[in-house]
K.L.:
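Shown below is the structure under consideration.
All chains are named by letter (A, B, ...) in the order of the sequence lines, taking the proteins before the strands, and each is independently numbered beginning at 1.
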Protein chains: 2
Amino acid sequence: MSDSALACAAMSLRHALLGLLTVRPSTGYELTQRFSGSLAHAWYAGHSQIYPELARLAGDGLAEVVGEGPRGSRTYAVTLAGREELRHWVVEGEPTRTQRNETALRWFMLELLEGDDRRRAIERELANARAELVDLREAAERADALPEPSPFRPTLVLAERLTEVMCGWLQEQLETVPGRSDPG
Amino acid sequence: MSDSALACAAMSLRHALLGLLTVRPSTGYELTQRFSGSLAHAWYAGHSQIYPELARLAGDGLAEVVGEGPRGSRTYAVTLAGREELRHWVVEGEPTRTQRNETALRWFMLELLEGDDRRRAIERELANARAELVDLREAAERADALPEPSPFRPTLVLAERLTEVMCGWLQEQLETVPGRSDPG
DNA sequence: GCCATCATGTAATTAGTTACATGATTAG
DNA sequence: CTAATCATGTAACTAATTACATGATGGC
């Protein structure tokens with residue numbers, strides 16, 4: 001028996017990769033881009049983390065190289081064992097649910113500011129959140145224009161709703177700051 | 001000139017600690033508990049990370065020991081420099097906004113499942129989210145019963161609203177699974 | 001006296017970031 | 001021919017987790 005089944009720690013990067021590869025076989029380069037796209041709100045990883053993990057995934061028999069492309073690129077696909085590992089993680093795996101969200105942390109700290117600092121900081125966060133909302137809506141449009149819809153389409157809806165709530169909350173927070181009617 | 005001002009990387013743990021100490025001076029032990037409480041949705045840290053960072057904070061003049069208690073406990077408070085550092089981080093600091101949220105990742109992967117697996121996984125997530133909502137409401141009640149309100153009270157409202165939206169979304173997801181009328 | 005909790009640390013490991021390094025292909 | 005992008009990797013460092021380790025205090 002291999003010890004791969006014993007690995008019970010979080011290993012979210014591993015499962016994020018298995019998930020992306022389940023949607024469609026990809027090269028490391030493509031995966032890097034996909035981590036910066038739809039998955040960015042859930043988990044981020046850069047290429048220097050992705051390539052070694054792909055190699056480990058292949059070593060553990062959870063993924064395999066299914067083709068080689070133009071610039072020495074290798075396309076990986078998830079194996080049956082990989083699919084089973086992912087399934088097991090989603091339905092059985094006990095979640096650690098540890099969160100690290102710098103934006104949320106900032107919003108906590110917003111409450112410690114007063115006056116002008118507070119107003120400016122909230123305005124900045126609100127601008128960010130609104131830009132985020134625009135991005136999400138564009139992503140949704142792009143997703144709907146695609147010939148075959150992404151399985152992750154519903155999570156875009158969720159992200160949109162959450163961001164709307166955040167914008168509303170920030171707007172309310174802004175209204176609690178004593179007004180400064182004439183800037184400059 | 002010291003190089004402390006140059007440290008421009010994220011260092012969110014540092015600023016989370018400065019924030020908590022701004023609310024009230026605390027021991028490392030108390031901070032550990034507070035990270036598992038209100039701040040858990042934004043940033044988590046265990047004691048083995050907190051104690052060394054407190055020492056570094058004191059070394060950099062951003063916090064200081066203001067009292068010693070019964071069991072060799074030391075109470076830290078934020079210094080003026082620490083307050084300024086936190087203010088700077090919130091209003092000026094350019095955010096990395098990297099997120100790592102295992103729950104969100106799981107919800108992405110939910111979309112890759114079908115049938116019974118999918119239904120069970122969504123039910124589990126929904127139960128978790130509802131329990132979370134109950135926790136948040138209890139925390140809100142406790143916060144309101146306090147003699148002086150926590151500055152972080154508004155962020156509890158936000159967390160509650162977000163969790164409500166999540167529960168609604170999971171409920172919708174559950175309804176997309178073809179029904180299985182008789183279990184067992 | 002014993003157990004729970006308070007209270008603080010360090011060591012070993014794993015995860016994640018930043019910087020370095022290289023080379024192929026394609027569009028202009 | 002040259003710049004952008006495709007494509008992959010490694011090295012050095014910092015952050016975070018898990019496990020180990022110790023001891024004080026207070027309630028029973």
Side-chain angles (χ1 to χ4, degrees), chain A residues 3-4 6-17 25-37 39-40 42-60 63 65 67-76 94-102 105, chain B residues 3-4 6-17 25-37 39-40 42-60 63 65 67-76 94-102 105:
Chain A
D3 60 344
S4 63
L6 301 178
C8 43
M11 302 217 290
S12 299
L13 170 63
R14 163 158 288 206
H15 296 102
L17 282 170
S26 308
T27 66
Y29 187 82
E30 285 165 344
L31 289 165
T32 306
Q33 292 174 306
R34 293 170 76 190
F35 265 104
S36 303
L39 218 61
W43 208 267
Y44 171 80
H47 81 276
S48 66
Q49 221 186 333
I50 291 169
Y51 288 115
E53 186 61 34
L54 276 175
R56 253 171 269 142
L57 240 25
D60 293 347
V65 177
E68 314 219 345
R71 274 155 284 229
S73 72
R74 261 150 298 137
T75 300
Y76 286 85
E94 69 123 345
T96 55
R97 291 171 200 281
T98 293
Q99 284 197 34
R100 282 208 180 77
N101 180 341
E102 198 185 310
L105 184 58
Chain B
D3 60 345
S4 62
L6 300 178
C8 43
M11 302 217 287
S12 299
L13 170 63
R14 161 157 291 205
H15 296 102
L17 282 170
S26 308
T27 66
Y29 187 82
E30 285 165 344
L31 289 164
T32 305
Q33 291 174 307
R34 293 170 74 192
F35 265 104
S36 303
L39 219 60
W43 208 268
Y44 171 80
H47 81 276
S48 67
Q49 221 186 335
I50 290 169
Y51 288 114
E53 186 62 32
L54 275 175
R56 253 171 270 142
L57 239 25
D60 293 347
V65 176
E68 313 220 344
R71 274 155 284 227
S73 73
R74 261 150 298 138
T75 301
Y76 286 84
E94 68 121 347
T96 56
R97 293 170 198 281
T98 294
Q99 284 195 35
R100 283 210 179 74
N101 181 339
E102 198 184 310
L105 184 59

K.L.:
Please report the distance, rounded to the nearest Å, between CG in Leu105(A) and P in dA16(D).
P.N.:
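Whole-Å distance recorded here is 11 Å.
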K.L.:
Side chain of Met11(A), heavy atoms from C-beta onward: which of dC6(D), dA15(C), dT8(D) has the nearest atom to it?
P.N.:
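Out of dC6(D), dA15(C), dT8(D), the nucleotide with an atom closest to Met11(A)'s side chain is dA15(C).
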K.L.:
Starting from P on dA21(C), measure out to NE2 on His47(A) and report it in whole angstrom.
P.N.:
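Distance check: His47(A) NE2 to dA21(C) P gives 14 Å.
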K.L.:
Round to a whole Å and report the spacing from OH of Tyr44(A) to C1' of dT17(C).
P.N.:
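Rounding to the nearest Å, OH of Tyr44(A) and C1' of dT17(C) are 9 Å apart.
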K.L.:
To the nearest Å, how far apart are Glu53(A) CD and dT10(D) P?
P.N.:
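Interatomic distance, CD of Glu53(A) to P of dT10(D): 14 Å.
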K.L.:
Remember a base hit wins even if backbone is also touched, and classify Ser48(A) as base, sugar-phosphate or nothing at under 4.0 Å, heavy atoms.
P.N.:
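Base contact - Ser48(A) has a heavy atom under 4.0 Å of at least one base atom.
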K.L.:
Considering heavy-atom distances to DNA chain C, does Thr98(B) or Thr75(B) have its closest nucleotide positioned more toward the 5' end?
P.N.:
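Going by which nucleotide is closer to the 5' end, it is Thr75(B).
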K.L.:
For the pair made of CD in Glu102(B) and P in dG16(C), what is the distance, rounded to whole Å?
P.N.:
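The answer, rounded to whole Å, is 11 Å.
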K.L.:
Does a nitrogen or oxygen in the side chain of Gln49(B) sit under 4.0 Å from OP1 or OP2 of dT17(D)?
P.N.:
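Yes.
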K.L.:
Quick check on dC6(D): is either OP1 or OP2 less than 4.0 Å from any side-chain nitrogen or oxygen of Tyr29(A)?
P.N.:
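Yes, such a contact exists.
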K.L.:
Just the rounded figure in Å: distance from C1' of dG16(C) to CZ of Arg56(A).
P.N.:
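Between C1' of dG16(C) and CZ of Arg56(A): 11 Å.
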K.L.:
Whole-Å distance between dA7(C) P and Phe35(B) CZ?
P.N.:
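Phe35(B) atom CZ is separated from dA7(C) atom P by 17 Å.
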K.L.:
Tell me whether the side-chain N/O atoms of Arg71(A) come closer than 4.0 Å to OP1 or OP2 in dG23(C).
P.N.:
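For dG23(C), neither OP1 nor OP2 has a side-chain N or O of Arg71(A) closer than 4.0 Å.
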K.L.:
Kindly compute the distance separating CH2 (Trp43(B)) from OG1 (Thr98(A)), expressed to the nearest 0.5 Å.
P.N.:
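Here the interatomic distance stands at 11.5 Å.
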K.L.:
Evaluate the criterion side chain to side chain donor-acceptor pair (under 3.5 Å) for residue pair Arg100(B) and Ser12(A); output intermediate values, then yes/no.
P.N.:
CA-CA 9 Å; Arg100(B) 283 210 179 74; Ser12(A) 299; over 6 Å; no
K.L.:
What pairs of donor and acceptor atoms, side-chain ones from residues 48-57 of chain A against any protein atom, are under 3.5 angstrom apart with sequence neighbours left out?
P.N.:
residue: Tyr51(A); atom: OH; partner: Tyr29(A); partner atom: N; Å: 3.3
residue: Glu53(A); atom: OE1; partner: Arg56(A); partner atom: NH1; Å: 2.5
residue: Glu53(A); atom: OE2; partner: Arg14(A); partner atom: NE; Å: 2.9
residue: Glu53(A); atom: OE2; partner: Arg14(A); partner atom: NH2; Å: 3.3

K.L.:
Phosphate oxygens OP1/OP2 of dA15(D): is one of them under 4.0 Å from a side-chain N or O of Arg100(B)?
P.N.:
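The answer is no; no side-chain N or O of Arg100(B) sits under 4.0 Å from OP1 or OP2.
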K.L.:
Distance check, rounded to the nearest 0.5 Å: Leu17(A) atom CG versus Leu13(A) atom CG?
P.N.:
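Separation between the atoms: 4.5 Å.
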K.L.:
Distance from Gln33(B) atom CD to His47(B) atom NE2, nearest 0.5 Å?
P.N.:
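Rounded to the nearest 0.5 Å, the CD-NE2 separation comes to 12.5 Å.
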K.L.:
Does Ala45(A) or Glu30(B) map to a spot on DNA chain C nearer the 5' end, using the closest nucleotide for each?
P.N.:
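Here Glu30(B) is the residue nearer the 5' end.
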K.L.:
Check whether any side-chain nitrogen or oxygen of Tyr51(A) sits under 4.0 Å from OP1 or OP2 of dG9(D), and answer yes or no.
P.N.:
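For Tyr51(A), the contact criterion (side-chain N or O under 4.0 Å from OP1 or OP2 of dG9(D)) is not met.
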K.L.:
So what does Gly46(A) touch, heavy atoms closer than 4.0 Å: a base, only the sugar-phosphate, or nothing?
P.N.:
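Here Gly46(A) touches no strand at all.
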K.L.:
Let me know the distance between CH2 of Trp43(A) and C1' of dA16(D), rounded to the nearest Å.
P.N.:
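Checked: the CH2 to C1' distance equals 11 Å.
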K.L.:
When all nucleic acid strands are considered with a 4.0 Å heavy-atom cut-off, which category describes Gly72(B): base, sugar-phosphate, or nothing?
P.N.:
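Contact class for Gly72(B): sugar-phosphate only.
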